[in-house]
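In what follows, chains carry the letters A, B, and so on, assigned in the order in which the sequence lines appear, proteins first and then strands, with residues in each chain numbered from 1. These numbers come from the heavy atoms of this one structure, side chains and all, not from hydrogens, waters or symmetry mates.
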Amino acid sequence: MSETTLEIKDLHVEIEDNEILKGVNLTIKSGEFHAVMGPNGTGKSTLASAVMGHPSFEITQGSITLNGEDVLEMEVDERARAGLFLAMQYPSEISGVTTSDFLRSSINARREEEDGIPLMQFIKTMDGALDELEIDQNMAQRYLNEGFSGGEKKRNEILQLKMLQPEIAILDEIDSGLDIDALRVVSDSINGVREETGLGCLIITHYQRLLNYITPDFVHVMMQGRIVKSGGPELAKQLEAEGYEWIKEELGIEDETVGQKA
Amino acid sequence: MTVKTQFPYDKEYVTTFSEKNNEPSWMKSLRLRAFDLAHDLNMPEPDKTNIRRWNFTNFELGAEGSTISSLQELPEQLTDFVDQENVPANIQIQQNGTISFSALSEDLKEKGVIFTDIFTAMQEHSDIVEKYFMTDGVSIDEHRLTALHAAYLNGGVFVYVPKGVKVEEPIQAIFWQEDNTSALFNHVLIVAEKDSELTFVENYVSHNTEEETVSNVVAEVFAHDDAKVSYGSVDNFAAGTTSYINRRGVADERATIDWALGQMNDGNTVSENVTHLVGQFSVTNARSVTAGRGKQSQNFTSVTHHHGKDSDGQILQRGVLRDKTTSIFNAIGKIEHGATRANAEQESRVLMLSGDARGDANPILLIDEDDVTAGHAASVGRVDEFQMYYLQSRGITKDEAERLIILGFLEPVVNELPIASIQKQLRTLIERKIY
Ligand SMILES: Nc1ncnc2c1ncn2[C@@H]1O[C@H](COP(=O)(O)OP(=O)(O)OP(=O)(O)O)[C@@H](O)[C@H]1O
Ligand SMILES: [Mg+2]
């Protein structure tokens, strides 16, 4: 796989006239795993949404580029085909569309119209991925995310990651709702993709537990809509042990959420 | 003072037509009575749709059809409607109201199942037909269009399933209005005796995008005690046809009548689907789906009418509206006094694909009994932008994402059509209408 770089510079994002991101800088390259941590409501999901092109958010300043190409100029589907992927914190439920049909459409969207993935090949790939993620085969025929448990939704997001093979993936709280065994299964799968494809990844999480399975190269802390501290894997361990108070003290932050001006 | 309405064909025509078909005398007199009534009766008044200026009088009658000797000779316009892989064993194709092709398996014949065109049925099974034809289901004096239906009747089929007989292979009827100006006054009469089972599927096809004409379709389904009838339909009259469609069921004790109606006409349409739940524990699932385009105006009324105790009526309506189309969805649960423990639920959902389209979903409960359960849900909305975002975030283009969401939205009805090839055909028609 060729070297890919996602570069986020001085990103400011608003929703309904509220500024939520206030200048985020972050660069993710192929093979690199970045963890983003931080208290609730500090802008982590907003960052993920802004990169993918969520319709509710407005970019007011800054840039996002993928290998130098302006991501902000791209439609959501173009971003995906350019190599971006977002495992969402709250995936949509889509009634009447089976998971299998959806996956097939997603794969075919990356291919020429007359060169759709042959059905048998698709089924084989999907069955393999379902097995690896210990997902019941029936799920493929169920409507996308409809009535899925919290953990099933998360596994389904990783199923998609595995089948679509993006260059850069953002995983937003992929560990929430997963039981301990599922966490291991999902982590193994992500590590597998990391090794096979040289995936670059931004992992949003609240817990060191996930990072025990998926070792990050970098750890960033978000507060007030900015990355306020970065470090190596040891930073996450320190957060797990000590919480966020010390960072707030160190930086003189009283309210870490985005509501308050810094 | 009422002005006497002129109809394009007179009493003389009706008499001659009846005699030409060797109809029994009861039918001839019914036609003539209906013809007189048509002058005096008012037009139907579908709730929230004004049909006063619709064309119900400009049409011709009398086009002939031609026959084919096997399904291999199926005209190109119909190939989509016949399963090429599992060639149907029980099928009748009518062209302009006359039989083009007809087949019924030996097995069903031996068991006493009757599947013929409506004219043959009147001659050969006069007693049964007379008992059920426009008596307890739809009657000729409901309004002008039911009267005209009997007067001008020129096509249709009769299906009879004897007591205890389970028809496993579906019975299919294709009504092909191949002549562009000819009107179709089509009647489907189904009688399912006690403890019998039937799956019936019908298709209406025409091609008159410019020429104006009329369709006036009545279906009556009688499910006696413990009988199960599954009724699927794909209506596909072209833009020039103004349609009046009335499908009615009467369910006796523990009988079930399930409807899956794909209402894909391109012209103005009034469609009503009423099920009388007469017997205790009778059941109906009345599902219908439509896709509107162009300037067509449509009115869909589904009714579950509960007379029997413990009767269960479920209505599910789904519509997708494009361009400048207008569609009204009325879903009515009516529970009579004495129908204790009846359950009536209505769900109508409409998806608007254009700012110029108009859609209206009206769930209505009319309850005359205390001890019942009922519920309804209705919505008129647009394609959800977060669902679009989710699909697009996987690389799926905007058009394809919208297509998936729309087809998914209609799937709960499409999926219920009793024959896989008809499901496929309906999906194709939906896509053709939406894009
Ligand atoms: N659609 C929205 N409408 C209004 N406010 C929003 C919306 N989405 C996010 N916000 C606000 O933006 C702020 C940041 O939210 P965001 O979801 O990015 O936080 P987060 O860091 O992901 O939090 P968590 O750890 O709880 O998931 C919050 O104050 C939130 O209420
Ligand atoms: Mg979040």
Side-chain angles (χ1 to χ4, degrees), chain A residues 48-57 74-111 113 116 141-146 153 156-157 159-161 163-167 169-170 172, chain B residues 85 260 262 287-291 316-320 347-351 353 377-417 420 423-424 426-428 430-431 434-435:
Chain A
S49 299
V51 172
M52 206 66 235
H54 190 289
S56 300
F57 297 93
M74 298 180 196
E75 298 290 337
V76 176
D77 53 309
E78 292 172 326
R79 297 180 194 201
R81 292 196 301 274
L84 294 174
F85 181 90
L86 168 58
M88 298 193 190
Q89 188 172 359
Y90 305 110
S92 288
E93 302 188 357
I94 303 189
S95 191
V97 178
T98 63
T99 303
S100 160
D101 280 350
F102 158 72
L103 282 169
R104 196 147 169 239
S105 294
S106 303
I107 290 172
N108 284 337
R110 290 164 170 71
R111 304 166 66 120
E113 195 159 330
Q141 295 315 318
R142 285 173 63 187
Y143 294 150
L144 184 55
N145 289 323
E146 193 177 68
K153 283 184 184 166
N156 188 29
E157 293 293 285
L159 175 72
Q160 294 169 41
L161 169 77
M163 293 192 69
L164 296 179
Q165 307 223 330
E167 315 259 329
I170 302 175
D172 194 354
Chain B
E85 283 158 31
R287 299 185 177 90
S288 67
V289 68
T290 189
L316 182 63
Q317 297 176 318
R318 298 266 162 135
V320 177
E347 181 183 326
S348 313
R349 301 202 183 275
V350 186
L351 202 54
L353 301 182
S379 63
V380 178
R382 298 190 175 279
V383 175
D384 185 273
E385 64 171 340
F386 301 119
Q387 292 188 339
M388 288 291 291
Y389 166 65
Y390 186 69
L391 295 185
Q392 284 184 262
S393 80
R394 298 326 186 216
I396 297 172
T397 60
K398 192 166 174 237
D399 284 351
E400 175 69 6
E402 197 174 86
R403 193 184 75 90
L404 285 172
I405 291 169
I406 292 166
L407 289 178
F409 172 76
L410 302 176
E411 192 60 20
V413 178
V414 178
N415 202 22
E416 290 303 320
L417 275 165
Q423 289 185 12
K424 197 170 144 216
L426 179 56
R427 287 190 190 97
T428 310
I430 290 168
E431 291 189 48
I434 301 296
Y435 296 102

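Contacts between A:D101 and chain B at a heavy-atom distance below 4.5 Å are absent for every atom of the residue. For A:I107, no part sits under 4.5 Å from any heavy atom of chain B, backbone or side chain. Contact of A:L86 with chain B is made through backbone and side chain together, with heavy-atom distances under 4.5 Å. Contacts between A:R110 and chain B at a heavy-atom distance below 4.5 Å involve the side chain alone, from C-beta outward. Interface remark: B:N415 contributes side-chain atoms only to the contact with chain A (heavy atom separation under 4.5 Å). Contacts between A:E93 and chain B at a heavy-atom distance below 4.5 Å involve the backbone alone (N, CA, C, O).
For B:Q317 (side chain) and B:V289 (main-chain N/O), no donor-acceptor pair under 3.5 Å exists by modelled atom type.
In this pair, B:F386 and A:H54 present their aromatic rings tilted. The plane angle is within the 30 to 60° band.
Top candidate by heavy-atom pairs under 4.5 Å with chain A, chosen from B:Q387, B:E400, B:M388, is B:Q387. Contact count versus chain B (heavy atoms, under 4.5 Å) is highest, among A:P55, A:A109, A:S95, for A:P55.
A cation-pi arrangement, defined by a distance under 6.0 Å to the six-membered ring centre and an angle within 45 degrees of its axis, is absent between B:R394 and A:F102. Judged by the 6.0 Å distance and 45° axis criteria, B:R349 is not positioned over the aromatic ring of B:F409.
Remark: A:R81 engages A:D77 in a salt bridge, criterion side-chain N to carboxylate O under 4.0 Å. The pair A:E146-A:K153 does not meet the salt-bridge criterion, since no charged nitrogen lies less than 4.0 angstrom from a carboxylate oxygen.
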